[in-house]
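The structure appears below as structure tokens.
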Amino acid sequence: ELEKLKGKSLKKIEDVLKRSYDGLEKNEHEIFLDIACFFKGENKDHVKRKLKAFGFYPESGIPRLIEKSLITISNNRVDMHDLLEQMGKDIVNEECKQPGGRSRLWYYEDIDHVLTTETGTENVEAISFWPGERGILKLSATAFAKMCNLRFIEVCAMPNKVLLPENFEFCAQALRCLYWDYYPLESLPLNFWPKNLVELHMPSSNLIQLWNGGDKPLGNLKLMDLSYSNDLITIPNLSSIVPNLEFLYLKGCWSLVEIPSLQNLSKLTELYLTGSNKIKDCPEIPCQLVILSLDRCTALESLPSSIGNLKRLEELHLAECSRLVTIPSSIGELKCLEKLFLPNCSNLASLPESIKQLSKLKRLNLRSCERLKSLPGLPSCLELLRANDCRSLESASISFNFLEHDDENEEADRSEHENEEAHKSESEDCKFLNFSSCVKLNKKVMEDVFEAHLLGQKVTLLMAGGEVPERMRYKNKGSSLSFKLDLRHLIAFSFCVVLRPSRFIHFPRFEVDFIWESGNRQERKAFNLYSDKVVANWNAGPYSSDSSHMLLSFNGLRTRFDEECFVKASFCFIDNHLWPEIMECGVHPIYQKSKRRRINNEEEASSSSSLDRNLSLSLPASS
């Protein structure tokens, strides 16, 4: 329709768009107008949650709007064409000549007028405004008094931009969602009792307590966010006033000393106490919790053994809990735990053996746990281990229950397409172990990972150290080497580079450039030392190092060959960051099991001099 109207007047275009809108049902009308006025560009899940809080039905309404091409979903965000946005706002503006008689207010000058002149009416359902760099908005006690049908208030203010009197009043019976950044008063109004409230967001507020003089039960409240309310001293017994609470965010509440028991909040799934400096004890929490964040709770000394009762817990965040010394052995009972983050727990001395029982653990972050001396056995499901800058770490059991890869018949019989798909799966299964700057770590970790490569395991290791594994077949000083290679039954390579110490190191993405020569035929192939998954999940960042570092990587072959050839391998960088110098490099071919046993036996019997006879070394390349 828009194509047909090229060159036509804007009014005719709007008439075409309006026909799509007119064909909607009431629920879809309301959703469309809310998106046009308030939620364009926002996260889809957040928008759906708000719309449900308002009593609308986004599960059916949003697909209908998409079907009618009135909205789109891109990168999990709700979007719409600028003309459709303007049409929605025009529909609201046409409801009444006076802004106080319209259902939705978003234009700052309109809101300023309505609130300062107290001309809002029962027609106003939603208000959202950003004072920004404008002047101070000073409101009277009764600025909202006539707007008895308000379901949504959003004040995205800066400090001291909206001023309220101490006797400020709310007519909040219909209120479903309240968003107010930098709320200026020390408590909520005495008459504020929004029985239908579903979400309460008051980050960076001046609140000392929620109510001054009696708590108000809010049976419909599902989300409470009081994060960074630095003066908040106490919160009421939430079990009695918000029994249906699902999300509780108290991040950065520095003055908060104690959290009442949350045990009876049977629907609570996310609890964030990040940066609350003064909480010494973890509160009693309900068993169905999915995310628990106690990051930067610097007074926290221990976790209760009852932590093992959180059978649904998927994420546990304890970063920078500097007084935390041990983790209770009951943590092994968290059968749903996928992420355990303990970076900068500077007094953490050990991990319990029971950590191996975490059968779904995928990520473990121990960065800068400076007192940690050893790591116990870890679960075989672990994909990403960050133990960098654990400078006291001496030993780590990283066997991960390595099992020999079943490659005998399966891989040899794959088609090229099947090998391509298998390669994608291999990169998904890859494990990454980061022990950078762990200068005391025993080199047995390196030997264990190399042994895992020989068994077909996809493991990438970064650790402090200055040598290629002793058993690696082809090695050389510098960044390149040449050798004869039997391609028959070859399934993978183990690659290694040793990086020179540097005052400022960035570990970039490496590539191994292979030139294959067989008879008169020459072919070129490149291998990445990091899988796509490792790159996505790991950001080591630049830092200084007084020691050399070693990177050991497994790389599977996508195709099979049936010949012998001569190979020249060169290690290089993919991107243009600060490049550490390559001191030494190595390549080890990995074969199917039947040939692997024979070759490995031959290698164990061979001496280093026999290896030298098969090597034709090129000059070291400077980085």
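These figures come from a predicted structure and were not determined experimentally.
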Any donor-acceptor pair under 3.5 Å from Ser354 side chain to Ser330 backbone: no
Under the 3.5 angstrom rule, does the side chain of Asn244 hit a backbone N or O of Lys222 as a donor-acceptor pair? no
Can you tell me if Arg77 uses its side chain to pair, donor with acceptor, with the backbone of Gly41 under 3.5 Å? yes
Rounded to the nearest 0.5 Å, what separates atom CZ in Arg312 from atom CG in Asn309? 14.5 Å
Could you grab the distance from atom CG of Leu51 to atom CZ of Phe39, nearest 0.5 Å is fine? 6.0 Å
If you count heavy atoms of other groups shown closer than 6.0 angstrom to NZ of Lys360, is the number above 12? no
Verdict with reasoning, Trp254 to Leu232, per side chain to side chain contact (heavy atoms under 4.5 Å, CB included): CA-CA 8 Å; Trp254 300 333; Leu232 189 67; over 6 Å; no
Indicate yes or no for a side-chain donor-acceptor contact from Glu314 to the backbone of Leu289 under 3.5 Å, with no hydrogens or angles considered. no
Take Leu340 and Asn365, measure what side chain to side chain contact (heavy atoms under 4.5 Å, CB included) needs, and give me the verdict at the end. CA-CA 6 Å; Leu340 176 56; Asn365 191 336; over 6 Å; no
Taking the side chain as everything from C-beta on, heavy atoms only, tell me whether Tyr249 gets closer than 4.5 Å to Glu270. yes
Candidates Tyr182, Tyr179, Tyr228 - the one meeting ring-ring contact (aromatic ring centres under 6.0 Å, His included) with His201: Tyr179
Report yes or no: do Ser229 and Ser205 form a side-chain donor-acceptor pair below 3.5 Å? yes
Verify, without hydrogens or angle tests, whether Asn196 (side chain) and Gln173 (backbone) share a donor-acceptor contact under 3.5 angstrom. yes
Within the structure provided, determine whether Val47 and Glu42 are in side-chain contact (heavy-atom separation under 4.5 Å). yes
About how many Å separate CD1 of Ile127 and CG of Leu150, when rounded to the nearest 0.5 Å? 5.0 Å
Over 12 foreign heavy atoms within 6.0 Å of NZ, Lys40: yes
Donor + acceptor pair across side chains of Thr119, Thr117 (<3.5 Å): yes
Nearest 0.5 Å, what's the CG-CZ distance between Asn388 and Arg367? 6.5 Å
Taking the side chain from Ser255 and the backbone from Asn230, do they hold a donor-acceptor pair closer than 3.5 Å? yes
Flag if over 12 foreign heavy atoms under 6.0 Å of CZ, Arg49: yes
Is it the case that the side chain of Asp231 and the backbone of Leu207 share a donor-acceptor pair, with hydrogens and angles ignored and the cut-off at 3.5 Å? no
Is the Phe152 to Phe38 ring centre distance short of 6.0 Å? yes
Minimum side-chain heavy-atom gap Pro343-Ser368 below 4.5 Å: no
Evaluate whether atom CD of Glu25 has more than 12 neighbouring non-hydrogen atoms of other residues, nucleotides or ligands under 6.0 angstrom away. no
Can you check side chain to side chain contact (heavy atoms under 4.5 Å, CB included) on Tyr183 and Asn206, steps first, answer last? CA-CA 6 Å; Tyr183 177 75; Asn206 285 345; over 6 Å; no
Are Thr121 and Lys146 packed together at the side-chain level, in the sense that at least one heavy-atom pair is separated by less than 4.5 angstrom? no
Steps toward side chain to side chain donor-acceptor pair (under 3.5 Å) verdict (Ser140, Glu118): CA-CA 8 Å; Ser140 70; Glu118 299 186 31; 2.5 Å; yes
Atom pair CG (Leu337) and CG (Leu292), whose distance is rounded to the nearest 0.5 Å: 10.0 Å
Under 3.5 Å, is there a donor-acceptor pair between the side chain of Glu154 and the main chain of Trp180? no
Taking every non-hydrogen atom, the tightest pair across Ser261 and Ser239: O-OG, 3.3 Å
Got a sec: does the CG of Asp22 have more than 12 other heavy atoms crowding it under 6.0 Å? yes
Between Ser204 and Asp181, is the side chain to side chain contact (heavy atoms under 4.5 Å, CB included) condition met? List the steps. CA-CA 6 Å; Ser204 304; Asp181 296 344; 5.9 Å; no
Does any non-hydrogen side-chain atom of Phe32 lie less than 4.5 Å from one of Tyr21? yes
Thr274 side-chain N/O to Lys251 backbone N/O, donor-acceptor pair under 3.5 Å: no
Crowding at CG, Asn75 (>12 non-hydrogen neighbours, <6.0 Å): no
State the CG-CG distance between Asn434 and Leu384, to the nearest 0.5 angstrom. 8.0 Å
Does this structure show an ion pair linking Asp110 with Arg102, if we count only N-O contacts that are shorter than 4.0 Å? yes
Shortest non-hydrogen contact from Asp34 to Arg104? OD1-NE, 2.7 Å
Please check if atom OH in Tyr57 has more than 12 non-hydrogen atoms from other residues, nucleotides or ligands closer than 6.0 Å. no
Contact check, side chains of Ile73 and Val78, non-hydrogen atoms, under 4.5 Å: yes
Gln86/Asp82 under side chain to side chain donor-acceptor pair (under 3.5 Å): CA gap, chis, key distance, verdict: CA-CA 6 Å; Gln86 188 58 50; Asp82 291 348; over 6 Å; no
Taking all non-hydrogen atoms of both residues, which atom of Ile71 and which atom of Met80 are closest, and how far apart? CG2-CE, 3.7 Å
Charged N-O contact under 4.0 Å between Glu59 and Lys52: yes
Ser60 vs Asn27 side-chain heavy atoms within contact, under 4.5 Å: yes
Is there a donor-acceptor pair under 3.5 Å between the side chain of Glu95 and the backbone N or O of Ser103? yes
Locate the shortest heavy-atom distance separating Leu351 from Leu372; write the atom from each residue and the value. N-CD1, 4.3 Å
Arg64 versus Leu24, closest heavy-atom pair with distance: CG-CD2, 4.3 Å
In Phe170, Phe168, Phe144, Trp211, the residue satisfying ring-ring contact (aromatic ring centres under 6.0 Å, His included) with Phe192 is Phe170
Geometric cation-pi criterion, Arg151 with Phe54: 6.0 Å, 45°: yes
Do the side chains of Ile285 and Leu271 get nearer than 4.5 Å, heavy atoms only? yes
May I ask you to decide whether Glu333 forms a salt bridge with Lys311, counting only side-chain N to carboxylate O separations under 4.0 Å? yes
Enclosure of Tyr107 OH (heavy-atom neighbours >12, cutoff 6.0 Å): no
Nearest heavy-atom pair of Met202 and Leu178: which atoms, and what distance? CE-CD2, 3.6 Å
